[in-house]
Amino acid sequence: MKFFCLLSLLVLCLNAAVPAGRHGRPESTDWNRVHDLTMHGINRLYSLEVDDAMRAFDSVSRMAPGDPRGPFFQSMVHFYLYGLNRDEKELTTFLEESERVIEICQRLLDQNEQDATTKFYLGGIYGYRGLAYHGSGSYLKAARDGRKGYLLLEEAVKWNPELYDAHMGFGLFRYLLAKLPKSMRWILSVLGFSGDLEGGLNSLRLAAEKGVYTRTEAKLSLAQFLFSEGRQDTALRYLNELRKEYPENTLFVVLYAFWQHRLHNLDEAMTAARAAIELNSRKKIRHGEELAYSTLGSIYFTLNDFSNASTYYRLYMKLTHTHERTPNLTYLRAGVACEIAGDRATALEFYRRMKEVNDRDRAWETYNYRRAQERIRSPLTEADILIVKAENEFTQKKYVRAIELYSEGFQKANGNVDILARALYGIQQAQFEAEMFADAVETANRLLAPISSGLALKPVDETWIIPHAWFKLGQTYAKLGKAADARHAFDRMGEYDDYDFQERLEDRVKEEMKKLEQVN
C-alpha cells in the first residue's frame, strides 16, 4: 500500500457511468449511446490509452450537455494524470473542471433534491477532490471534501439502496481512515468519523462483486489493501483478474512484479518487470516504465548483483518525474548498489537526495535516512558489504549462506560495535528462521551478555538491536516451550526506550504475551 501510491491513484471513476436520471436533460438524447460511449472511455482509460479516453468523454459531454458524467470523467483524466506525474498543472485543471461538475449537479438537485444518481456524482467528485488535496499535502481541505463526499454518497444510497457502486467510496474512506498514522489521527476529530478496517474491506468486496461500473477500481483497491494486510493469495487473485481483463495496462503488470518481489519469487518478478518494459516499448505514451526499472533494480539488489542493480536504479532516476515520492529505501539501495559497484560519486548523489524524516509513524523512512547520513560520512567497509549481502541472502531464505556472510562480517568488523551487533543479530535471526533454536539462544547470549561480564555490546547508532534481540530471544524460548524464560526476555525489553521501530516492537510483544497466556 505505501509503495504503490501511483497505482492507488489509478483507482479512478469512483462513481462511474451509472446512467443518470433524465430529469432536466434533453429528451432527444440517446442515453444508451451516452452510456456505451462512457463505458468505452473508461475501458480505454484502464488500458492506459488516455487520449482515446479523453476523446470519448468529450463526445459524451457534447451528446449530453446537461449531464454530469461527461465533465466528471473529463476532470478525472486530469486527476489520473496528476497521480501519474505529479504535474501541478494537471491538479489545477482537475480542480477547475471539478467545479463544473459540482455546478451541473447542484443545478439538477435544485430541480430534484432526491435525484440519487446526481448525488452519487456529486459525492464522487468531492471524494476525489479530497484525494487530490491529500496528495498535495492540503490535509484540512482533504478532510473537508472527503467528509462531504462520503455524506453525499450515504444520501444517494439511502434513496437508492441498490446503488452498489457507492460502496467503493465507503470502502475506501473507512479503510484509509483506519490506517491513518497516529500523527494524523487529528483528522478523525475534524471529520467526526472513525475508521473501520474490516468494514472498509467488506464494502470494497461488495462493490467488486455487485457493482457495475466501479467493479474494476474496487478490485484494484481491495487487492492492494488485502496485500498490505498479509492476505496475499486473495490479493493476487483479484490482481490477476485485472491483468487478464486489461492486458495492456503496464501498471498492473508492474504491481504484479513488485508483489512477486515482496513474496521472494524473484524469477517471476523479473519476468513481469521485463514484460512491462516490453509492453511500454510498443506504446506512444509509456506508463509505469520507471517503476519497472526500480523493481528490476530492487530484484538485482536482492540477488547481490550490484552492477545490474545500479544500472536499473539509474534508469529509474533518469525517467521519474516525481523524485519527492521516491521512498528513502530506494535511494539508499541505489546508493549502496553504486558504491559496491565502485561508483562512490553517484552513490553520494543518491544518498543526498533522501528526505529528512523524524517520524515514529514512518520508522523505516526515518531509519533509512539516518543510514544514508552515515554512508555520506564514511564509505562502506568490507564488513558493511558482507552484511548487506547477508541480509539479501536472508531475504531469499538462504539462511545457512546468510549465517556464513554475517559471521565473516563479524570477523572483519575491526571492533566496530555497531557492525558487531548487526552481525550477531543477523545470525540470531537466521538461526531462528532455520529453526536452529539452541544456536539462536547461544548467539543471543553472546549479544546480550551481562554488563558485569565486560562482554556486553553497546551499539552507538544501532541501539534498536538490543531490544529486538531480547524480543527474538523471547520468541525462541517460546518455540522451545520455555514460557517463563520467554516472559523474562520480553520483560527485559521494558528497560529500553527511544529506539528505532519501538512502537511496532512493543505491539509485537503484546501479541506474543497473549500467545503465552493462551498456552497456559
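Starting from 1, each residue takes its place in the sequence as its number.
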So, [X] and [Y]: side-chain donor and acceptor under 3.5 Å apart, yes or no?
X: Gln428; Y: Tyr406; result: no
X: His264; Y: Thr395; result: no
X: Glu217; Y: Tyr46; result: yes
X: Thr326; Y: Tyr316; result: yes
X: Glu433; Y: Gln429; result: no
X: Thr443; Y: Gln431; result: yes

Would you indicate whether the side-chain heavy atoms of [Y] and [X] approach each other to under 4.5 Å?
X: Val254; Y: Glu290; answer: no
X: Leu236; Y: Leu263; answer: yes
X: Arg44; Y: Asp51; answer: no
X: Asp418; Y: Ile465; answer: no
X: Tyr312; Y: Met317; answer: no
X: Phe306; Y: Val388; answer: yes
X: Asn328; Y: Leu332; answer: no
X: Arg487; Y: Glu512; answer: no

For the side chain of [X] and the backbone of [Y], is there at least one donor-acceptor N/O pair under 3.5 Å apart?
X: Asn392; Y: Phe301; answer: yes
X: Ser228; Y: Phe225; answer: yes
X: Thr381; Y: Asp384; answer: yes
X: Asn265; Y: Glu268; answer: no
X: Thr302; Y: Ser298; answer: yes

Inter-residue atom distance [X].[atom1] - [Y].[atom2], 0.5 Å rounding:
X: Lys472; Y: Leu505; atom1: NZ; atom2: CG; answer: 9.5 Å
X: Asp305; Y: Ile299; atom1: CG; atom2: CD1; answer: 11.5 Å
X: Thr346; Y: Tyr313; atom1: OG1; atom2: OH; answer: 15.0 Å

Determine the minimum heavy-atom distance between [X] and [Y], stating which atoms define it.
X: Gln373; Y: Tyr351; result: NE2-O, 4.4 Å
X: Ala309; Y: Tyr300; result: N-CB, 3.6 Å
X: Tyr477; Y: Val441; result: OH-CG1, 3.7 Å
X: Ile427; Y: Ser407; result: CD1-OG, 3.6 Å
X: Ser47; Y: Tyr246; result: OG-CD2, 3.8 Å
X: Leu239; Y: Ala223; result: N-CB, 4.3 Å

Within 45° of the axis and under 6.0 Å from the centre of the six-membered ring of [Y], does NZ or CZ of [X] qualify?
X: Arg446; Y: Phe410; result: yes
X: Arg243; Y: Tyr256; result: yes
X: Lys479; Y: Phe437; result: no

Using salt bridge (charged side-chain N to carboxylate O under 4.0 Å, His left out) as the criterion, list what pairs up with Arg237, not counting sequence neighbours. Glu241
Applying salt bridge (charged side-chain N to carboxylate O under 4.0 Å, His left out), name anything that partners Arg282, two or more places apart in sequence or on another chain.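 Testing Arg282 for salt bridge (charged side-chain N to carboxylate O under 4.0 Å, His left out), a comparison that skips the adjacent residues, returns Glu248, Glu278.
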Positive for ring pair (Phe, Tyr, Trp, His ring centres under 6.0 Å) with Trp364, one of Tyr369, Phe501, Trp464: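 Passing option: Phe501.
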Tell me, please, which residues at least two apart from Pro379 pass side-chain contact (heavy atoms from CB on, under 4.5 Å).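 side-chain contact (heavy atoms from CB on, under 4.5 Å) check on Pro379 returns Glu339, Arg344.
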Short N-O contact, [X] and [Y], less than 4.0 angstrom:
X: Glu374; Y: Arg371; answer: yes
X: Asp343; Y: Arg314; answer: yes
X: Arg174; Y: Glu198; answer: no
X: Lys412; Y: Glu382; answer: yes
X: Glu511; Y: Lys514; answer: no

